[in-house]
Q: 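Before I ask anything, let me first share the structure, which is written out below as structure tokens.
Order of the sequence lines fixes the chain letters, A, B, ..., with proteins taken first and strands second; residue numbering starts at 1 for each chain. Predicted, not measured: the structure shown is a model, and the values here were computed from it.
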2 protein chains.
Amino acid sequence: MLANQGSTAKIVRPTTLRESVLERILELIIIGSLKPGQHLVENELADNLGVSRQPVREALQLLSGEGWVDLRPGHGAYVHAPTVEEADQLLAVRTLLEAESARLAARNTDKRDISALRDICMRGLAACLADDVDAAVVANSELHTAVVNMSGNRVLADLTSQVARRVRWYHTPVARHRGKASWEEHAALIDAIESGEEDVAADIMRRHTEHTRQSYLESRAQHPEEEPPAPIRRRRPRAVSS
Amino acid sequence: MLANQGSTAKIVRPTTLRESVLERILELIIIGSLKPGQHLVENELADNLGVSRQPVREALQLLSGEGWVDLRPGHGAYVHAPTVEEADQLLAVRTLLEAESARLAARNTDKRDISALRDICMRGLAACLADDVDAAVVANSELHTAVVNMSGNRVLADLTSQVARRVRWYHTPVARHRGKASWEEHAALIDAIESGEEDVAADIMRRHTEHTRQSYLESRAQHPEEEPPAPIRRRRPRAVSS
DNA sequence: GGAATGTATGCTGTAGGCAGTCGACGACAA
DNA sequence: TTGTCGTCGACTGCCTACAGCATACATTCC
């Protein structure tokens, strides 16, 4: 829902090999090539990416810090498989954080920021009416990021980003479910922020993200088959020989 | 303010060498042997801890994920030096999270939990009256942890723990500042949780943590000399020779 | 036939080592 | 004296290699 932006105290310049490895692995997780619960064998990743195990290991350590993979000492790394319950809790926290962001944004309202918000909102609505789901998702992400940045609380912004990213998957179906109504809520939110109505802004954002949460839950309830986080397998079937 | 409890998706069994290295380094940071802004030279740590650079590197990666150290590619790891502003923002977020925890705790109230809370509260007050600051700090930590766990939202609990830990330092002076009044607030909070008054519980918690935040800020304002996060030095003064 | 044990194998955890890179210091010129 | 360039040292980033461990399969015993 939010664009990638580094957490508070992470890596600054993306120059190293482990950084590019991290990006690659993350991409594979996001697009689903690496499935939830899947065991990430260091050698395989290293071979596929054309590097040694070392940068792969370090990338996995960093990814664990962001909640993308779980490390099991002696067993290696596994793609984190969020349960419905965890996703629900993540979204509940996101609601809390973003509502506060909206409140603070209304408090620190700034004309330039407002016009930027309106621009994004227009684009989002246009994309929505044109049935361009991808563009709508991007605009949605930008809008929420912009609001949370307007809060002026960097910690809040980082945490929101982190939480939002951890929900991942199924954003597009969720976005498809709602559509135009969502952008009307965004417009109302911007109005409230502009006029400095803290409580109103917070409340709109709260209900807005709560809607998203409901859509998400319904979406997963309709597709329970997407749930099971792949059983853990360590060894490949032995080669048939002799 | 909260006891250490692993983040959502981290290491499960603390058996490996890098884990013990992590614990050691973390301890050194917490007790202040490694100062904010200090450059953590891998070889030095490795030598001091009697291991090779590898587990040290990995421990540092993991610590960066928890916000304890900053990684600068090509430069290594530095002990994270939170500014007053960042600490303030962290505490603001903590207020938000803990207020919500209290609300949810009131919603899911349970008799056994309540009596556990009262026990902790009694101990805390006793410690406070006996001027046993350490015991009071521990009890305070336990109480907040218990409440946040009562919320039933694991993500919320983990995030709160993470945020609270990142403030670190100066907890004791803060605890000293307030004392008895703090425990009266705790008692009122427990009453509200027991009777299921969500709004009241949330409000008490909000004001309570806000008090702590104020105390913290005053404490740092009075000791500005503790602030400067040590300038970055990479090399030791060259040995005088020839 | 089933269960316990032995064995093999793949994987992780750790060590050691080399090359690249960044920053500091010193020399030289203006 | 001050600014710029070259050199040097130290540290990181990465690779390779080895040891330990956990799991799965095969064998043996009951």
Q: Go nucleotide by nucleotide along DNA chain C from the 5' end; which of A/Leu40 and B/Arg53 gets its closest nucleotide reached first?
A: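 Result of the comparison: A/Leu40.
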Q: Charged N to carboxylate O below 4.0 Å: is that the case for A/Arg154 and B/Glu86?
A: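 A salt bridge is absent here (no side-chain N lies under 4.0 Å from a carboxylate O).
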Q: How long is the line joining CZ of B/Arg72 and C1' of C/dC22, in whole Å?
A: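 Going from B/Arg72 (CZ) to C/dC22 (C1'), I get 10 Å.
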Q: On DNA chain D, compare the nucleotides closest to B/Ala77 and A/Ser52; which residue's is nearer the 5' end?
A: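 The residue closer to the strand's 5' end, by nearest nucleotide, is B/Ala77.
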Q: Tell me: CD of B/Gln61 to C1' of D/dT12, nearest whole Å?
A: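 Rounded to whole Å, this separation is 11 Å.
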Q: Would you mind reading off the distance between A/Arg57 atom CZ and D/dT12 atom P, rounded to a whole angstrom?
A: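 The answer, rounded to whole Å, is 19 Å.
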Q: If you check every side-chain atom of A/Leu17, which of D/dT12, D/dC15, C/dA15 has the closest atom?
A: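 It is D/dC15.
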Q: To the side chain of A/Thr16, which of D/dC14, C/dA15, C/dT12 is closest?
A: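 Selected nucleotide (nearest to the side chain): D/dC14.
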Q: If you pin B/Glu42 and B/Gln54 to their nearest nucleotides in DNA chain D, which one's is more 5'?
A: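 Upstream on the strand: B/Glu42.
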Q: Side chains of A/Thr95 and A/Thr209: donor-acceptor distance under 3.5 Å anywhere?
A: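 Yes, A/Thr209 and A/Thr95 have a side-chain donor paired with an acceptor closer than 3.5 Å.
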Q: Looking at B/His75, I'd like to know whether one of its side-chain N or O atoms comes within less than 4.0 Å of OP1 or OP2 on C/dG23.
A: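 Answer is yes, contact under 4.0 Å.
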Q: Roughly, in whole Å, what's the span from NE2 in A/His39 to P in C/dG10?
A: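 That distance rounds to 14 Å.
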Q: Without decimals, in angstroms, what is the distance between A/Glu19 CD and D/dG13 P?
A: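 To the nearest whole Å, that distance equals 10 Å.
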Q: How many whole angstroms separate atom CG of A/Leu60 from atom P of C/dG13?
A: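 So the CG-P distance, A/Leu60 to C/dG13, works out to 10 Å.
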Q: How long is the straight-line distance from CZ of B/Arg24 back to CG of B/Leu34, given to the nearest 0.5 Å?
A: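 CZ of B/Arg24 is found 10.5 Å from CG of B/Leu34.
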Q: List the steps and the verdict of side-chain hydrogen bond (donor to acceptor under 3.5 Å, both in side chains) for B/Glu218 and B/Gln214.
A: CA-CA 6 Å; B/Glu218 288 166 16; B/Gln214 293 301 332; over 6 Å; no
Q: Any Lys/Arg nitrogen of A/Arg166 or A/Glu66 sitting under 4.0 Å from an Asp/Glu carboxylate oxygen of the other?
A: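 Between A/Glu66 and A/Arg166 there is no salt bridge, as every charged N stays at least 4.0 Å from the carboxylate O atoms.
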Q: Just the rounded figure in Å: distance from P of D/dC11 to OH of B/Tyr78.
A: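 Nearest whole value for this atom pair: 11 Å.
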Q: Given atom CG of B/Leu49 and atom P of C/dA15, what is their separation to the nearest angstrom?
A: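 In whole Å, C/dA15 P lies 11 Å from B/Leu49 CG.
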